[in-house]
Every structure is written in structure tokens, then in C-alpha cells.
Amino acid sequence: MVRDRVFSAHAFHGSRSLSTSSAGPLDGKVAIITGSTSGLGKGIAGHLARQGCSITLNGFGNSEDIERVVQEISDFGGAKAMYHNADLSCVDEIEDLVEKTASTFGSVDILVNNAGIQHVSPIDAFPRATWDKVIAVNLSAVFHTSRLAIPLMRKNGWGRIINISSVHGLVGSVNKSAYVAAKHGVTGLTKVTALETAEEDITCNCICPGWVYTPLVAAQVQAIADSKNISIGDATKELLSEKQPTKRFVEISDIAAMVEFMCGENAGGVTGSIYTMDGGWTAV
Ligand code: NAD
């Protein structure tokens with residue numbers, strides 16, 4: 001049995017609704033954003049909330065930090081926010097995440113599959129359990145959330161699925177076997193999902209970011225700094241100049257704006273698309 005995983009009414013003093021805000025373009029829509037306690041997912045959640053969307057947040061972190069994120073999201077708009085602590089490597093917990101969102105907010109209209117983890121190691125030293133975990137969180141969870149959300153979207157006659165893949169859904173890098181395999185899988189799954197829903201008002205698209213400065217990348221910068229005994233600044237320059245021609249991080253707000261576009265009125269005919277936002281990484 002799944003233990004109580006929802007921080008809603010009592011734990012966070014309710015899914016909040018602010019009466020001061022005006023209607024946004026996504027007013028009344030309900031979005032699940034996986035991995036939204038941090039980094040890109042948190043940015044996307046805030047952006048969609050500003051458009052009027054009610055949000056189910058998900059991801060790990062300590063409860064004070066998560067409560068702060070729920071409060072921040074609620075403060076952005078007239079939307080409601082709730083938090084569900086599903087571990088996306090557990091199918092039962094994913095089922096509970098989708099079910100609780102639908103029972104709390106009445107539907108699931110937008111699904112942003114964002115949660116992701118990384119492990120860096122050569123293939124012959126890659127721990128078996130870590131391979132399984134990366135594939136479960138980065139790829140299998142996208143399948144499970146999609147299979148559960150699509151029937152709810154069909155019931156409403158509208159749905160938007162946005163998968164956050166990576167530039168590593170298109171090209172490889174050494175020592176990232178599980179991540180690259182999972183992200184290539186997400187890119188392929190996006191196309192299949194788009195084809196299976198093509199005749200309905202449901203779209204599925206994929207974003208492939210290059211380097212974006214988030215805790216996931218900060219850890220990789222720190223690893224370079226430690227291994228080469230250089231400063232964080234020099235490690236950052238090294239990371240960027242190796243792969244990303246702009247030598248600048250892609251902004252979280254730019255990715256959030258792309259998600260908004262994919263959910264918006266002008267993107268009804270956009271499905272099965274793979275959008276790179278990679279500072280020129282794959283142009284080389
Ligand atoms: P992050 O580490 O800041 O955030 C990851 C989120 O996923 C967190 O909320 C974390 O709690 C959650 N998460 C991790 N394991 C989970 C699990 N088992 N169940 C539920 N939630 C879990 O990372 P980020 O950089 O914001 O990455 C977000 C997405 O963007 C990932 O899919 C990542 O692969 C992708 N991406 C990031 C970059 C980048 O440069 N940051 C580039 C390309 C793609």
C-alpha cells in the first residue's frame with residue numbers, strides 16, 4: 001500500500017488559491033510536473049502557474065524547502081498547488097501521483113515529464129543498480145505517467161505532454177551510458193506518443209536542452225573542479241567550452257517559455273517534435 005504521499009490541505013495548509021490574480025491563458029488547466037522541487041522543473045512549475053495552471057509538484061527535498069516552493073508557486077497566480085512525493089522509480093507511487101492529482105483537481109491536462117538523474121561512469125564500471133535506477137526515473141517513469149494521463153486527457157478531449165529529454169537524447173557523451181540511453185528512449189517515446197494521439201487534441205513534444213545551470217549540473221561542475229584542482233569558475237568555463245558553442249548556460253526561463261508555447265493555442269499542430277535548446281551543441 002502506498003503511504004500518504006500528498007502534502008495538501010493540512011500539511012501545507014491546503015492547495016492554495018489566491019483571489020487577487022487575474023485569469024491567464026492556461027486558466028483552469030491542471031499540470032503534473034515531475035521533479036519540480038528543483039532546477040528546471042521548479043522553473044517550469046512557476047511559469048505555468050503564472051499562466052493560471054493548477055500544479056502538482058513532485059520531487060525530493062526537505063519538507064521546509066518543499067513547502068516554500070508550494071507557497072511560491074501558489075503566490076504566482078490564481079492557480080492551486082499541491083505536492084506529491086512519489087518516487088518515480090516505483091510504479092505504484094506514479095499511479096498514486098496521477099490518481100491523487102485527478103481526484104484533487106478534477107483532471108490532468110498537462111504532463112511535463114521532467115524528473116531526471118545522472119550517473120557518470122565508464123560502462124564496464126557502471127553499477128547495475130544505478131543503471132536500473134537511471135532507466136526507471138529517466139525513461140520508464142515517462143512511459144508510466146503518459147499511459148496513466150492519456151486516458152484522462154482523452155476524457156477531456158485535450159492534453160499536452162512535454163518530455164524534457166536532453167541533448168543527450170540526440171548525441172552521446174562518454175561515461176553517461178544510462179543517461180544517454182534513457183534520453184534517446186524519451187525522444188523515441190515522444191514520437192510514438194505523438195503518433196498514437198495524433199488524431200485527437202493531444203500533443204506530445206520533447207525539449208532537448210544543452211547545459212542549464214541547475215543542481216544537477218552544479219554537481220558536474222564541482223566534480224571537474226575537484227578532479228582537476230581548479231576553481232568553480234574555471235571548471236564552469238571548461239564544461240561550457242567543451243560542448244556548448246555559445247559558452248553560456250541555457251536559461252531555465254527560456255525552457256519554461258517553450259513549455260508554455262507547447263501548451264498554448266498556437267501549438268495545436270505541433271506534435272512529435274524534438275526541440276533542441278542547446279546553445280548550438282548539436283549544430284557542430
Ligand atoms: P535537478 O537535479 O535540479 O532536478 C531534478 C528533479 O528530479 C528534482 O526535483 C529531484 O528531486 C527529482 N527527482 C530525482 N529523482 C527522482 C525520483 N526518483 N522521483 C521523483 N523525483 C525525482 O535537475 P535539472 O537539471 O533541473 O534536470 C531536470 C531535467 O532536465 C532532467 O530530466 C534532466 O535530465 C534534464 N536536463 C537537464 C540539463 C541541465 O543542464 N541541467 C540538460 C539537459 C537535460
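Just so you know, these numbers use all the heavy atoms, side chains as well, and skip hydrogens, waters and symmetry mates. For reference, positions follow the sequence shown, starting with 1. Atoms within a ligand are numbered from 1 in the order they appear, just like the ligands themselves. Not measured: the values here are computed from a predicted model.
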Q: Quick one, list the residues around ligand 1 where some non-hydrogen atom comes in under 4.0 Å, by chain and residue number.
A: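 Ligand 1 is contacted, at a heavy-atom distance under 4.0 Å, by Gly35, Ser36, Thr37, Ser38, Gly39, Leu40, Asn58, Gly59, Phe60, Ala86, Asp87, Leu88, Asn114, Ala115, Gly116, Ile117, Val137, Ile164, Ser165, Ser166, Tyr179, Lys183, Pro209, Gly210, Trp211, Val212, Thr214, Pro215, Leu216, Val217.
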Q.
Rounded at 0.5 Å granularity, tell me how far CG in Asn138 sits from NE2 in His184.
A.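 Going from the CG atom of Asn138 to the NE2 atom of His184 covers 13.5 Å.
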Q | Spacing of CG belonging to Asp109 relative to OG1 belonging to Thr101, to within rounding of 0.5 Å | A |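 Result: 11.0 Å between the selected atoms.
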**Q.** By ring pair (Phe, Tyr, Trp, His ring centres under 6.0 Å) - contacts of Tyr275 (at least two apart)
**A.**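 Tyr275: no ring pair (Phe, Tyr, Trp, His ring centres under 6.0 Å) contacts found.
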Q) Is it true that the side chains of Ser165 and Asn163 contain a donor and an acceptor less than 3.5 Å apart? A)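 No - no donor-acceptor pair under 3.5 Å links their side chains.
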Q: Scan side-chain atoms only and decide if Asn113 and Thr145 contain a donor-acceptor pair under the 3.5 Å cut-off.
A: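 There is such a pair (donor and acceptor under 3.5 Å, judged by atom type) between the side chains of Asn113 and Thr145.
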Q) Is the centre of the Tyr179 ring less than 6.0 Å from the centre of the His119 ring? A)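 Here the rings of His119 and Tyr179 have centres that are no less than 6.0 Å from each other.
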